[in-house]
Amino acid sequence: MKKTILRSAAILAAGLLTVTGCSANSNSDAAAGGDYPAKDVRLIVPWAAGGSGDLTARTIAPLLEKDLGVNVIVENKPGANGSVAYNWLAEQEPDGYNLAMMGVEVATLQFMDYDIKPENYTPIGQGLSGPGAIAVPVDSPFKTLEDLIAAAKAKPGEVTFSSPGIGSVWDSPAAGLQQLADIKLTSVPFDGSAPAIAAAAANKVDFSIDAIGSQKIQVDGGHLRYLAMLTDERDPDNPDVPTAKEAGVDLQNASWVGIMAPKDTPEDTVKKLSDAMEKATADSGYQDVITSSNLVPTFKNSTEMATFIQDEAKRYGPWIEFAKNNTK
């Protein structure tokens with residue numbers, strides 16, 4: 001996400017997979033020589049234990065172990081929007097023995113004055129995505145996205161949304177909505193996605209933008225109502241809810257999670273890890289966990305992910321700059 005925000009026991013969110021680089025040490029030589037892996041692999045989680053990223057890592061680690069034949073040890077290293085772990089990973093030997101879960105932050109933190117850029121890593125693969133939605137309090141006068149946009153045009157700045165933080169995976173599409181619909185909204189900041197969603201459910205703001213799955217408990221509880229899906233087509237679990245595109249605003253967004261390694265990890269090592277990731281994400285047990293958390297099992301290999309991350313940076317950059325310049 002910049003923040004991948006999904007509920008700890010029910011939702012898996014978002015991180016990203018990146019591996020790169022070559023090293024002159026013996027481990028790198030062994031990896032390049034085709035002997036990788038020759039020892040245990042560490043998988044770092046940039047977020048606290050018990051969260052969605054942590055759950056994702058602990059779900060996929062034993063599946064990677066089956067294919068790699070070594071232990072995959074999950075370790076939490078939270079702090080500073082994930083940048084503590086991201087910076088740590090960039091400094092490790094590129095031998096394939098230190099990996100990290102990553103999400104959209106690898107593409108977006110560069111726009112928030114962090115020295116973290118996609119080229120510092122090489123993707124292994126994507127493991128899942130969490131499509132987004134706009135949701136309003138259940139008794140909101142807005143029955144459609146067109147209603148919300150019309151109100152924002154009539155009274156610029158009076159329509160409010162709960163933001164989990166400028167540059168985050170769910171604040172940024174609010175900037176995109178303002179740009180695409182030519183409206184002005186007011187951001188109400190909260191410390192993360194969960195309190196931002198709760199604020200909308202409590203009628204403290206006019207709407208929330210977040211993952212479909214993250215908002216589901218409030219929707220099921222009768223506190224929130226989906227207004228529009230940020231997907232290309234209607235969500236099969238919510239077929240009566242139109243997409244934003246149907247309302248004339250082609251706004252799409254999703255959180256995502258993967259694994260990364262340091263820059264210059266040998267190509268043979270990257271391929272072994274990416275192949276293991278593909279098998280893990282195809283496992284029925286993994287897919288059951290992901291889908292039961294209202295997420296979508298989604299695999300992209302290393303090459304596909306590299307292109308995807310660059311595309312994400314191009315998409316999020318203007319949104320984040322808009323939010324930085326237009327948020328009080």
Discussion item. Determine whether R315 and N253 satisfy the following criterion, side-chain contact (heavy atoms from CB on, under 4.5 Å), listing intermediate values before the conclusion.
Written reply: CA-CA 10 Å; R315 188 166 66 95; N253 203 59; 3.0 Å; yes
Taking side-chain hydrogen bond (donor to acceptor under 3.5 Å, both in side chains) as the test, write out the residues that go with [X], two or more places apart.
{"X": "S274", "value": "none"}
{"X": "N98", "value": "R42"}
{"X": "T160", "value": "D206"}

Item to complete: Evaluate the side-chain contact (heavy atoms from CB on, under 4.5 Å) criterion for residues V169 and Y316: first the C-alpha distance (whole Å), next the side-chain angles of each, then the deciding distance (0.1 Å), finally the verdict.
Response: CA-CA 9 Å; V169 65; Y316 274 90; 3.2 Å; yes
Worksheet item: Thinking salt bridges, do D54 and R58 make one under a 4.0 Å N-O criterion?
Response: yes
Discussion item. Applying ring pair (Phe, Tyr, Trp, His ring centres under 6.0 Å) as the test, list every pair that has at least one member in residues 260-281; sequence neighbours left out.
Written reply: none
Worksheet, complete the sentence: Here the ring pair (Phe, Tyr, Trp, His ring centres under 6.0 Å) pairs for residues 199-220, sequence neighbours left out, are F161-F207
Provide the closest heavy-atom pair for [X] versus [Y] in the form atom of the first, atom of the second, distance.
{"X": "P123", "Y": "I309", "result": "CG-CD1, 3.6 Å"}
{"X": "A276", "Y": "L68", "result": "CB-CD2, 4.1 Å"}
{"X": "A57", "Y": "V45", "result": "CB-CG2, 3.5 Å"}
{"X": "A80", "Y": "V84", "result": "CB-CG2, 4.2 Å"}
{"X": "I212", "Y": "A133", "result": "CG1-CB, 3.8 Å"}
{"X": "D171", "Y": "S168", "result": "N-OG, 3.0 Å"}

Fill in: Between D115 and N120, a side-chain donor and acceptor under 3.5 Å
no
Sidechain-backbone polar pair: [X] side chain, [Y] backbone, donor-acceptor under 3.5 Å:
{"X": "D210", "Y": "W170", "answer": "no"}
{"X": "E158", "Y": "A152", "answer": "no"}
{"X": "K272", "Y": "Y36", "answer": "yes"}
{"X": "T243", "Y": "M229", "answer": "no"}
{"X": "E304", "Y": "N301", "answer": "yes"}
{"X": "T231", "Y": "R234", "answer": "no"}
{"X": "Y97", "Y": "A38", "answer": "yes"}
{"X": "Y86", "Y": "P46", "answer": "no"}
{"X": "N238", "Y": "V241", "answer": "no"}
{"X": "Q92", "Y": "W88", "answer": "yes"}

Separation of [Y] [atom2] from [X] [atom1] (nearest 0.5 Å):
{"X": "S302", "Y": "M277", "atom1": "OG", "atom2": "CE", "value": "11.5 Å"}
{"X": "D67", "Y": "E278", "atom1": "CG", "atom2": "CD", "value": "10.5 Å"}
{"X": "I166", "Y": "S187", "atom1": "CD1", "atom2": "OG", "value": "6.5 Å"}
{"X": "Q287", "Y": "F299", "atom1": "CD", "atom2": "CZ", "value": "12.0 Å"}
{"X": "I197", "Y": "L224", "atom1": "CD1", "atom2": "CG", "value": "8.0 Å"}
{"X": "I209", "Y": "S214", "atom1": "CD1", "atom2": "OG", "value": "13.0 Å"}

State, yes or no, whether a side-chain contact exists between [X] and [Y] at a heavy-atom distance under 4.5 Å.
{"X": "S162", "Y": "K204", "answer": "no"}
{"X": "T281", "Y": "L63", "answer": "no"}
{"X": "S255", "Y": "V104", "answer": "no"}
{"X": "T56", "Y": "M101", "answer": "yes"}
{"X": "P131", "Y": "D235", "answer": "no"}
{"X": "M305", "Y": "W256", "answer": "yes"}
{"X": "L89", "Y": "I44", "answer": "no"}
{"X": "I60", "Y": "V72", "answer": "no"}

Item to complete: For salt bridge (charged side-chain N to carboxylate O under 4.0 Å, His left out), just list the numbers for K279 and D283, CA-CA rounded to whole Å, side-chain angles, deciding distance to a tenth of an Å, and then say yes or no.
Response: CA-CA 6 Å; K279 293 176 184 176; D283 180 85; over 6 Å; no
Using a cut-off of 6.0 Å, state whether more than 12 heavy atoms not belonging to [X] lie near its atom [atom1].
{"X": "K245", "atom1": "NZ", "result": "yes"}
{"X": "K66", "atom1": "NZ", "result": "no"}
{"X": "K153", "atom1": "NZ", "result": "yes"}
{"X": "K324", "atom1": "NZ", "result": "yes"}

Item to complete: Give the C-alpha distance, both sets of side-chain angles, the deciding distance and a yes or no for side-chain contact (heavy atoms from CB on, under 4.5 Å) between S140 and R225.
Response: CA-CA 9 Å; S140 170; R225 168 168 47 85; 3.7 Å; yes
Linking I/L/V/M/F/W/Y whenever their side-chain heavy atoms sit closer than 4.5 Å, directly or via other members, would [X] and [Y] fall into one cluster?
{"X": "I320", "Y": "F308", "result": "yes"}
{"X": "F322", "Y": "L251", "result": "no"}
{"X": "V296", "Y": "L230", "result": "no"}

Discussion item. Run the side-chain contact (heavy atoms from CB on, under 4.5 Å) test on E65 and N71 for me, step by step, so that the C-alpha distance in whole Å, both residues' side-chain angles and the decisive distance to 0.1 Å come before the verdict.
Written reply: CA-CA 6 Å; E65 289 178 345; N71 295 321; 4.0 Å; yes
Side-chain donor-acceptor pairs of residues 175-183 under 3.5 Å, sequence neighbours excluded:
from	atom 1	to	atom 2	distance (Å)
Q178	OE1	L185	N	2.9
Q178	NE2	A174	O	3.4

